[in-house]
Amino acid sequence: MSTETLRAGKRTVEVSRADKVFFPDDGITKGELAEYYRQVAPALVRHARARPVAAERFPDGITGQRVFQKNVGEHFPDWIRRAEVPKKEGGTIVHAVCDDAATLVYLADQGCVTPHCWLSRTDQLDTPDRLIFDLDPATQDLEQLRLAARGMGTLLDELGLVPFLMSTGSRGFHVVAPLRREHTFDHVRNFARDAAALLAEREPKALTVEQRKEDRGRRIFLDYLRNAYAQTAVAPYSVRAKPTAPVATPLEWEELDTTEPWHHTMTTAVERIQRYGDSWSNFTRRARSLRQPRQRLDRLIGR
DNA sequence: GAAGTAA
DNA sequence: TTACTTCAACGCCAT
DNA sequence: ATGGCG
Ligand SMILES: [Mn+2]
Ligand SMILES: [Mn+2]
């Protein structure tokens, strides 16, 4: 039954129904999805290693049912690392940990189009090592979107953090800053909320932090709520479940004005990495404490 | 996608 | 064997 | 406590 065998580093992973079409508009198969993850694994894993991962699965392709899976299945092979993580209000979840190419290939075989990673690592689940702003547009206005991303990047830079940019493959961008693991999610989220609210106050017609869609109107939602325990963000270089198979792609800030959020795809992302490497290669080295940024932000908002 | 049950 | 069903998340916030 | 939201 068209089972393919992929070598991924140390492991050999079987991909069942490798010729099953997952992206009907593009003819992309599950086998090609698995092969994609094998190829980008070195770059992807550098950003995802040691993090609990949730799998956004489409067992019958992207036009079929969507499943968001956290617990590893009983049938998962024993070489996939697991982390038993407490839920906020009791109970636990046994997550897979996104540690190597073979795990990504195995998840692809399970129909996982998009892996979603925690913002913290298994050895310190309560203290995130990244701060994320998820810019979600309500319209196709790229001008406003770029203004928002540039504004957030500039603000973080002025506060003493080092912002990085990623196109999500969907409609927006992520602006992400690496952190020293000194603060809890609650503290980081408070900072994120204050920064986002400040920006929204400066551009009230273009930006908002309102949660309810109805209250956002046509404004861009500065989603700071991703900065919470057990919340996730699409992994860099992950594929999105949309026609063209777009890819969440780390960018240079210089590319913001010329790159659409959905520009890169399974095909171009591989070429991009081969030619230019990973735009976030220095991400970890740019980690900063939130202490001074917190004080500077307090001053900016008048405290 | 995997596993269980009914036919 | 095939056909079919079921299951596979959770935290924050506003109300 | 519930529902929207991502
Ligand atoms: Mn199925
Ligand atoms: Mn988003």
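Keep in mind that the numbers below use all heavy atoms, side chains included, and drop hydrogens, waters and symmetry copies.
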Out of [options], which nucleotide sits closest to the side chain of [X]?
| X | options | value |
| --- | --- | --- |
| A:P59 | C:dA9, D:dG6, B:dG1 | B:dG1 |
| A:D134 | D:dG6, C:dC12, B:dG1 | D:dG6 |
| A:A228 | D:dG6, C:dC13, C:dC12 | C:dC12 |
| A:D186 | C:dC12, C:dG11, B:dG1 | C:dC12 |
| A:Y224 | C:dG11, C:dC13, B:dG1 | C:dC13 |
| A:H75 | D:dG4, B:dA3, C:dC10 | B:dA3 |

Item to check | Cation-pi, A:F191 ring and A:R294 (6.0 angstrom, 45 degrees) | outcome: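 A:R294 over A:F191 ring: no.
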Checklist entry - Between CH2 of A:W79 and CG of A:D99, what distance do you get to the nearest 0.5 Å? => result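 Output value for this atom pair is 11.0 Å.
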Short side-chain N/O contact from [X] to OP1 or OP2 of [N], under 4.0 Å:
| X | N | answer |
| --- | --- | --- |
| A:Q211 | C:dC12 | no |
| A:R216 | D:dG6 | yes |
| A:K87 | C:dC10 | yes |
| A:K213 | D:dG4 | no |

Item to check | Nearest non-hydrogen partners of A:C112 and A:L33, listed with the distance | outcome: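 Answer, listing the atom of A:C112 first, then A:L33: O-CD2, 3.6 Å.
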Checklist entry - Can a donor-acceptor pair under 3.5 Å be found between the side-chain atoms of A:E210 and the base atoms of C:dA14? => result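 Side chain to base: no pair below 3.5 Å.
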Checklist entry - Would you say the side chain of A:E214 and the base of D:dG4 hold a donor-acceptor pair, judged only by whether the two atoms sit under 3.5 Å apart? => result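 No such pair is found, so the answer is no.
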Checklist entry - Just how far, in rounded Å, is C1' of C:dC13 from CD of A:E89? => result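 Spelled out: CD on A:E89 to C1' on C:dC13 is 14 Å.
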Item to check | Whole-Å gap separating P (B:dG1) and CG (A:L107) | outcome: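 Going from A:L107 (CG) to B:dG1 (P), I get 13 Å.
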Item to check | side-chain contact (heavy atoms from CB on, under 4.5 Å) partner of A:H183, the single match among A:H187, A:R181, A:R180 | outcome: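 Testing A:H183 for a side-chain contact (heavy atoms from CB on, under 4.5 Å) against A:H187, A:R181, A:R180 leaves exactly one candidate, A:H187.
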Checklist entry - Looking across every strand, which nucleic acid part, if any, lies under 4.0 Å from A:R189 by heavy atom: base, sugar-phosphate, or nothing? => result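 Sugar-phosphate, backbone atoms only, no base.
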Checklist entry - Checking all strands, does A:Q110 fall into the base, sugar-phosphate, or nothing category for heavy-atom contacts under 4.0 angstrom? => result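 Touches sugar-phosphate only.
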